[in-house]
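See structure below.
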Amino acid sequence: MAPTREFAKGVPGAAPARRIPPFTDEHDDLRASIRRFVEAELAPHAERWEDERWFPNEVFAKLAAHGFLGLKYPREYGGEGGDHVHEAVLIEELSRCRSGGLAAGIGAHVNIGTPPIFKFGTEEQKRRFLVPGIRGERIAALAITEPEAGSDVASIRTHARRVDGGWVVNGSKTFITGGVRADVVVTAVKTTPAGGHHGLSFLLIERGMEGFSVSRRLEKLGWHASDTAELAFQDVFVGDENLLGEADRGFYLIMANFQWERIAMALGAVAAMERLVEGSVAYATERRAFGRPIGDFQAIRHKLAAMATKLETARALTYHALRLFHEGHDAIREVSMAKLLSQRAACEVADEAIQVHGGAGYMREYGVERAARDLRLGPVGGGTDEIMREIIGRQMGL
Ligand SMILES: Cc1cc2nc3c(=O)[nH]c(=O)nc-3n(C[C@H](O)[C@H](O)[C@H](O)COP(=O)(O)OP(=O)(O)OC[C@H]3O[C@@H](n4cnc5c(N)ncnc54)[C@H](O)[C@@H]3O)c2cc1C
């Protein structure tokens, strides 16, 4: 296969020299149009949105106008009729927006907020939440984590009591990406307190419902352009029509959702590493010390070689997991491995990129320090490194 015009560009050693499956010719035009959009509509504003700790909702409307919020959804709901590989292109190209928070804020809606509505929602729920979600008019967030329960999902305490015609919800959620702006929050609740994993359900809790509020907006190490919320539920009545999937079967929804979330995180980390390697090679070529480019020093050249090797290792495993997932195989083991490997590798590559850049790496204008802060969330969010190892260990029969 000959190098394409897309991949022929870029700095040698960062972007792949040729297309790697599951990406095919078919994805080139989409990649080029997303790249143009990201470079024109997102990247120039990223710095300001980082400072403002917020990006405007009109970003969703603009993405929707190009069809980018519905790439993997059927046309009958306003989607583009594509699949997860098309969305993988979006995730990779968002790495060019210069803000992990902006990519995460968009990703929370596209990768974890709307998918459970599509997969588990009734036709009526899809009309009410998915269709306007794809149009960028109603933003979705996913709320599982609580102040007292993160990794240990089964021990969440937010409780939904059965009443005539629906449920009454009491409790709280924390660290919810997009939770400040969300119009609908796909919320994990306990419906059978004694049921452990089998007592969980999901409710679609809407902005404006009485008793539902954003109790705190959280400050963070990175992801500054994205909003992260603590949410409070005080006797919130949620009608039966907002139960997502079956009562007490919410754990299956969580597990199903995690697979795509983790592949999305792995793809994001691989693309971020590609940007860091690209930037570091360019810097090492231009920056001179002791009369020569720093890339001429073996120490720097070997560091860049090691960074590129980490990138390609993570890419190979991530694309492998993506291919298995896309073909409908059970890919829990490979998805967990890709998530584990890519997130830690991205932190290491970001740290090494700072070293290659010297003092400039610590300065804001090069974007390397932001990448290092943004990427640190990877080994924690979406299931920690320790939980990934637990899942992989269990898959090995241990
Ligand atoms: C910026 C940000 C955005 C987020 N966005 C969302 C969101 O949109 N929606 C949402 O629901 N959640 C979100 N989260 C929450 C995230 O998924 C959790 O932080 C993560 O799952 C870890 O849970 P925890 O913070 O409660 O840590 P804990 O579960 O308390 O873990 C603390 C430490 O103990 C370790 N540990 C826990 N259990 C075990 C075990 N069995 N074996 C070994 N070690 C263990 C962990 O690995 C970790 O190192 C977000 C978090 C952040 C920081």
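When a ligand or atom number is given, it counts from 1 through the structure's own listing order. Residue numbers count from 1 along this sequence.
Counting protein heavy atoms only, atom 42 (N) of ligand 1 is closest to Glu390 CG, 4.4 Å. Among protein heavy atoms, the minimum distance from atom 24 (P) of ligand 1 is reached at Gly150 CA, 3.9 Å. Distance from atom 14 (N) of ligand 1 to its nearest protein heavy atom, with residue and atom name: Phe175 O, 3.4 Å. Summary of contacts: the protein heavy atom closest to atom 41 (N) of ligand 1 is Ile387 CD1, 4.0 Å. The shortest contact between atom 16 (C) of ligand 1 and any protein heavy atom is with Thr145 OG1, 3.9 Å. Looking at atom 20 (C) of ligand 1, its nearest protein heavy atom turns out to be Val380 O, 3.5 Å. The protein heavy-atom contact nearest to atom 36 (N) of ligand 1 is Ser151 OG, 4.5 Å.
Atoms of ligand 1 found under 4.0 Å from any heavy atom of Ile144 (numbered from 1 in listed order, with element): 10 (C), 11 (O). Every atom of ligand 1 with a heavy atom of Leu377 under 4.0 Å away is listed here by number and element: 1 (C), 2 (C), 52 (C), 53 (C). Distances below 4.0 Å separate heavy atoms of Ile176 from the following atoms of ligand 1: 7 (C), 8 (O), 9 (N), 10 (C), 11 (O). Of all atoms in ligand 1, numbered sequentially from 1 with element shown, those under 4.0 Å from a heavy atom of Thr384 are 22 (C), 46 (C), 47 (O). Heavy-atom proximity to Glu386, at under 4.0 Å, picks out these atoms of ligand 1: 43 (C), 44 (N), 46 (C), 47 (O), 49 (O). Of all atoms in ligand 1, numbered sequentially from 1 with element shown, those under 4.0 Å from a heavy atom of Gly382 are 17 (O).
The residue from Val270, Leu276, Val349 that alone fulfils the side-chain contact (heavy atoms from CB on, under 4.5 Å) condition with Leu311 is Val270.
The two atoms that bring Ala266 and Ala338 nearest to each other are CB-O, 3.9 Å, heavy atoms only. Minimum heavy-atom separation, Gly361 to Ile354: O-CG1, 3.9 Å.
Contact annotation: the side chain of Arg207 approaches that of Asp183 to within less than 4.5 Å [non-hydrogen atoms, C-beta and beyond].
Between Glu278 and Arg275, at least one side-chain nitrogen of the basic residue sits less than 4.0 Å from a carboxylate oxygen of the acidic one, meeting the salt-bridge criterion. No salt bridge links Glu39 with Arg35; every basic N to acidic carboxylate O contact stays at or beyond 4.0 Å. Taking the charged nitrogens against the carboxylate oxygens, Glu352 and Lys310 do have a contact shorter than 4.0 Å, which makes a salt bridge.
Under the 4.0 angstrom criterion, atom 3 (C) of ligand 1 counts as having a protein heavy-atom contact. Checking atom 34 (O) of ligand 1 against the protein gives no heavy-atom contact under 4.0 Å.
Not a single heavy atom of Ala108 sits under 4.0 Å from any atom of ligand 1.
Only the backbone of Leu142 comes within contact range of ligand 1, with a heavy atom under 4.0 Å; no side-chain atom does. Under 4.0 angstrom from ligand 1, the non-hydrogen atoms of Thr177 come from both its backbone and its side chain.
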Side-chain donor-acceptor contacts of residues 57-65 below 3.5 Å, not counting sequence neighbours, with atom names and distances?
unit_1 : atom_1 : unit_2 : atom_2 : d
Asn57  : OD1    : Arg181 : NH1    : 2.6
Lys62  : NZ     : Glu41  : OE1    : 3.0

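In the hydrophobic clustering (ILVMFWY side chains linked at under 4.5 Å, chained through shared members), Ile391 is joined by Leu317, Ile332, Met337, Leu340, Leu341, Ile387, Met388, Ile392, Met396, Leu398.
From Tyr73, atom OH reaches atom CD1 of Ile117 across 8.0 Å, with rounding to the nearest 0.5 Å.
Residue Glu123 places its CD atom among more than 12 non-hydrogen atoms of other residues, nucleotides or ligands, all under 6.0 Å distant.
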